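Please read through the structure below; I'll follow up with questions.
A, B, ... follow the sequence lines: proteins, then strands. Residue 1 opens every chain. For clarity, every value in this text was computed on a predicted model and none was experimentally measured.
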Protein chains: 2
Amino acid sequence: MSNHETVNEILVRLFANILDIEEKCLRTGNFFDLSISEMHVIDNIGVNKERTMSDTAKDLKVTSGTLTTAIDNLIKKGYVERRRSVEDRRVVKIKLTDKGMEAFKAHEDFHKDLVISALQQLDSKEEELLIKVLSNIDVFFNHKYKF
Amino acid sequence: MSNHETVNEILVRLFANILDIEEKCLRTGNFFDLSISEMHVIDNIGVNKERTMSDTAKDLKVTSGTLTTAIDNLIKKGYVERRRSVEDRRVVKIKLTDKGMEAFKAHEDFHKDLVISALQQLDSKEEELLIKVLSNIDVFFNHKYKF
DNA sequence: CAATTTATTTTGATAATCAAATTATATTTA
DNA sequence: TAAATATAATTTGATTATCAAAATAAATTG
């Protein structure tokens, strides 16, 4: 097998595994009632912020209708609060509750932990190599991603 | 910014976008009637192979009920064929049609492009090192997060 | 102030998924 | 070998995530 094929195979496997790990860590952790996509909504709202529905939907690349139902559920579960803006009464502001912030932090910690444990294995030369390759992929995606 | 933060940032962006980009490349290409999950089924069946439902479902980490409906749709769209095994009549074998193989190859090309971009500016020694580094990370994750 | 634009929600639909029940066939065992 | 058990796949009934288009409400503009 060529290097290219090997790299492809490992990247595909790593990607699938990381998604799997993230989902399972969620489901077996303290926030077992959150799906990955719900966690991504929480992650996007972020701590100490009050965001509008449309900005959040745009960031997450979903329609505002989709976000409305997602937020309905997150409110039911106690992770998010919603209020109408007083300056512009068309606008709805959302922010995390304390429980939401805890979930945010847990997820952040998970990410930190994942990256730290991956990088711990590497010497500085390997680390640079990895960053270079990841950046290359990032550039490739940004290039492809103009629709 | 520390290496950790850089890596984390790139990873988050990559993970947020990769499925999206892959799907959009599909939809704007010759196989606009395939979703990304359908393409992953096609990818898993692979060319020149005849696979059983259960093996494929296991590989894809979905239940066999889920795969049954996925295969129903792929047959309707003309990408897959299904026949009962003669040796064991409980077993169902699936394989790609010619159209399915074309889709497989188109998807393969997308991945090839990705890897070529990823490996840009790397000499063959660095390629080898990268393979080692990625494999280590994969093995490490599987050890650390086993459920 | 009427028309238009903007922000959000609602509605009605489809994909992907699961667990549990069902069907058909094969294997084991008493 | 007939009955019990196991296996492979499908069907059923449900949920979640998603979209486009219609509806609602508020702000802006001409």
- Task: Using side-chain hydrogen bond (donor to acceptor under 3.5 Å, both in side chains) as the criterion, list what pairs up with B/Asp43, not counting sequence neighbours.
- Result: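 B/Asp43: no side-chain hydrogen bond (donor to acceptor under 3.5 Å, both in side chains) contacts found.
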- Note on the structure: Scanning both residues in full, the closest heavy-atom pair of A/Tyr79 with A/Ala103 reads CE2-CB, 3.9 Å
- Find the distance A/Asp72:CG to D/dT15:P and express it as a whole number of Å. 16 Å
Which protein N or O atoms sit under 3.5 Å from an N or O of nucleotides 17-21 of chain D?
residue	atom	partner	partner atom	Å
D/dA17	OP1	A/Ser35	OG	2.5
D/dA17	OP1	A/Ser37	OG	3.3
D/dC19	OP2	A/Thr63	N	3.1
D/dC19	OP2	A/Thr63	OG1	3.3
D/dC19	OP2	A/Thr66	OG1	2.6

- Message: Just the rounded figure in Å: distance from P of D/dT16 to CE of A/Met39.
- Response: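 Roughly 17 Å, once rounded to whole Å.
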- When rounded to whole Å, the CD to P distance for the pair A/Glu87 and D/dA25 reads 21 Å
- In numerical order, the residues of residues 44-55 of chain A whose heavy atoms come under 4.0 Å of DNA chain C are A/Thr52, A/Met53, A/Ser54
- Gap between atoms CD1 and C1', on A/Ile71 and D/dT16 respectively (whole Å):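 Answer to the nearest Å: 15 Å.
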- Message: I need the full list of salt bridge (charged side-chain N to carboxylate O under 4.0 Å, His left out) pairs touching residues 102-122 of chain A, with sequence neighbours left out, sorted by first then second residue.
- Response: A/Asp113-B/Lys144
- Item | C/dT9: pairing nucleotide in any strand, Watson-Crick or G-U under 3.5 angstrom |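 Partner of C/dT9: D/dA22.
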- Query: ring pair (Phe, Tyr, Trp, His ring centres under 6.0 Å): which pairs involve residues 50-69 of chain A, sequence neighbours left out?
  - Reply: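 Applying ring pair (Phe, Tyr, Trp, His ring centres under 6.0 Å) to every pair that reaches into residues 50-69 of chain A, excluding sequence neighbours, yields nothing.
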- Note on the structure: Residues passing the side-chain contact (heavy atoms from CB on, under 4.5 Å) test with A/Ser54, sequence neighbours excluded, are A/Thr52
Under 3.5 Å, N/O pairs linking protein and nucleotides 23-25 of chain C:
none

- Query: Which way is the base of D/dA23 turned, syn or anti, if we draw the line at 90° from 0?
  - Reply: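 Here D/dA23 takes the anti form, which means its glycosidic angle is more than 90° from 0.
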- Task: Specify the separation, in whole Å, of atom CG of A/Leu67 and atom P of C/dT10.
- Result: 13 Å
- Item | side-chain contact (heavy atoms from CB on, under 4.5 Å) partners for B/Arg83, two or more places apart |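 Checked B/Arg83 against side-chain contact (heavy atoms from CB on, under 4.5 Å); matches are B/Glu50, B/Lys93.
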- List for me each residue that meets side-chain contact (heavy atoms from CB on, under 4.5 Å) alongside A/Asn44, sequence neighbours excluded, and say none if there are none. A/Arg51, A/Thr56, A/Asp59, A/Leu60
- Message: Going by ring pair (Phe, Tyr, Trp, His ring centres under 6.0 Å), name the pairs with one or both residues in residues 117-143 of chain B, residues two or more places apart or in two chains.
- Response: none
- Return the value, rounded to whole Å, for the distance between atom NZ of A/Lys24 and atom P of C/dC18.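 Taking NZ of A/Lys24 and P of C/dC18, I get 11 Å after rounding.
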- Item | Atom-to-atom span, CZ of B/Arg27 to C1' of C/dT14 - whole angstrom |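 After rounding, the gap between these two atoms is 11 Å.
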- Query: From the list C/dT8, D/dA9, C/dT9, which nucleotide is the closest neighbour of the side chain of A/Val91?
  - Reply: C/dT8
- Measure the distance from NZ on A/Lys76 to C1' on D/dT15 and round it to the nearest whole Å.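 Rounded to the whole Å, the gap is 12 Å.
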- For B/His40, which residues count as a side-chain contact (heavy atoms from CB on, under 4.5 Å) partner, sequence neighbours excluded?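 Listed in chain order: B/Leu19, B/Glu22, B/Ile36, B/His107.
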- Side-chain donor or acceptor of B/Arg13 paired with backbone N/O of A/Asp138 under 3.5 Å: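 Flag not set: sc B/Arg13 to bb A/Asp138 has no pair under 3.5 Å.
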- Task: Could you tell me which residues satisfy ring pair (Phe, Tyr, Trp, His ring centres under 6.0 Å) with A/Phe15, sequence neighbours excluded, listed by chain and number?
- Result: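 Result, ring pair (Phe, Tyr, Trp, His ring centres under 6.0 Å) vs A/Phe15: B/Phe15.
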